[in-house]
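First comes the structure, then the notes that go with it.
The analysis underlying the following values was restricted to heavy atoms, covering all of them including side chains, and did not include hydrogens, waters or symmetry mates. Letters A, B, ... are given to chains in the order of the sequence lines, protein chains preceding strands, and every chain is numbered from 1.
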Amino acid sequence: YSYFYGKPRWVRLSPLTLTYAFSKSNTIDYISLSDIKDVFKRSFSRWSSVIPVNFTETEEYELANIRISFYSGDHGDGQPFDGVLGVLAHSFSPENGRLHLDARETWAVDFKAVKSKVAVDLESVATHEIGHILGLAHTSVKEAVMYPSLSPRAKKVDLKVDDVEGIQELYGSNPNFKFSSLLESANSSNHG
Amino acid sequence: RIIPDSVTVITDNSTHNTTWHDFARFLDIEKGSHVSGMSELKKYLNRFGYLSVLNKNFTDVFDSEMQSAVVLYQQKLGLPVTGKLDSDTISTIMSPRCGVSDKEHKIHTTKR
């Protein structure tokens, strides 16, 4: 695992609660907002299960700590999106809170229902980008969520030891988290 | 025949993004080679934090700087370190990815 320069993190009183909101104007219309919200809720909960940080949705986009938007092409932050595949999303280090997804990707919440060869799993990318929002940079560990690339139709949503160790160095451990549960989960998925 | 309740069929428009797809033609190109379009690969390596140059007029030559960038890329992405544009490296470069630079000191914020 690695960090951004200066190892920035969200500095608030513990236990830390961060709010998040979805842009109403910069979004996609072929996945329902409730499905998008469910995806992000699951993604946030993966991180909050390992660190003492809570995430709460708010309707007040401008005031939210984490602001989630879908954009196409040049959207004013100096890092234009490039259309189908290529760059899928990007986000900003703490305590900026902007999480941007390329609206021109074929985002999927269920590959059984989306047959496109270029479909990209929204939950995998959401989980990865939340890692950046919290302060993790890219890792060299291919199996980890924070590895920079993701193939179309691939799913990688479970945090690996590398992700967990990295984020816990920034925020400490959730008192209810046990590393053994992570290893058990990894074993069961390997044998599954 | 059982028909699923809901299937979203979206046109495969992968041809809309051909920039990285074209990198396939650089497979096995070695240091010292001059290949038209190599500058695009240099721009990619620059964008993601592997090739830092003051002058961004990238040439199409696979030079020493480019080789160092490839080595760095292979190290960072957990690939076999060969310094060459082998199949593992090219296929990883062509994969869709996060837009955040792999350089660990990349901060995009502007303090107001």
Worksheet item: Above 12 or not: heavy atoms from other molecules or residues under 6.0 Å from NZ of A:Lys178?
Response: no
Item to complete: Heavy-atom distances under 4.5 Å only: say whether A:Glu105 touches chain B with side chain, backbone, both or neither.
Response: neither
Discussion item. If hydrophobic clusters are built from ILVMFWY residues whose side chains come within less than 4.5 Å, do B:Phe62 and B:Leu72 share one?
Written reply: yes
Worksheet item: Applying the 4.5 Å side-chain criterion to the ILVMFWY set and letting contacts propagate, would A:Val164 and A:Val157 be lumped into a single cluster?
Response: no
Item to complete: Please flag which part of B:Tyr44 lies under 4.5 Å from any non-hydrogen atom of chain A: side chain, backbone, both or neither.
Response: neither
Response to the item:
Here the gap from B:Met94 atom CE to A:Ser151 atom OG, rounded to the nearest 0.5 Å, amounts to 11.0 Å
Fill in: Candidate pair B:Gln75 and A:Ser140, rule side chain to side chain contact (heavy atoms under 4.5 Å, CB included), full reasoning
CA-CA 8 Å; B:Gln75 287 171 339; A:Ser140 306; over 6 Å; no
Discussion item. Please determine whether the number of non-hydrogen atoms from other residues, nucleotides or ligands lying under 6.0 Å from atom NZ of B:Lys84 exceeds 12.
Written reply: no
Worksheet entry | Chi angles and distances behind the side chain to side chain contact (heavy atoms under 4.5 Å, CB included) call for B:Leu77, A:Tyr147 | CA-CA 8 Å; B:Leu77 276 287; A:Tyr147 194 73; 3.3 Å; yes
Worksheet item: Is there a path from A:Val109 to A:Leu99 through hydrophobic residues (I, L, V, M, F, W, Y) whose side chains come within less than 4.5 Å of each other?
Response: yes
Discussion item. Distance check, rounded to the nearest 0.5 Å: B:Arg97 atom CZ versus A:Leu150 atom CG?
Written reply: 12.0 Å
Fill in: For B:Val81, the rest of its hydrophobic cluster, which grows through side-chain links under 4.5 angstrom
B:Val71
Worksheet, complete the sentence: For B:Val100 and A:Phe4 the tightest heavy-atom approach is CG1-CE2, 3.9 Å
Discussion item. Could you see if A:Val161 belongs to whatever hydrophobic cluster contains A:Leu170? Use Ile, Leu, Val, Met, Phe, Trp, Tyr and a side-chain cutoff under 4.5 Å.
Written reply: yes
Item to complete: Taking all heavy atoms of B:Phe48 and all of A:Val87, pick out the closest pair and write down the distance.
Response: CZ-CG2, 4.0 Å
Worksheet item: Between B:Leu79 and A:Lys142, which heavy-atom pair has the shortest distance, and what is it?
Response: CD2-NZ, 3.9 Å
Worksheet item: Got A:His132 and B:Cys98 here, is their nearest side-chain heavy-atom distance under 4.5 Å?
Response: yes
Discussion item. Please check: side-chain N/O of A:Ser149 versus main-chain N/O of B:Pro96, any donor-acceptor pairing under 3.5 Å?
Written reply: no
Worksheet item: Taking everything shown except A:Lys41 itself, do over 12 heavy atoms lie less than 6.0 Å from its NZ?
Response: no
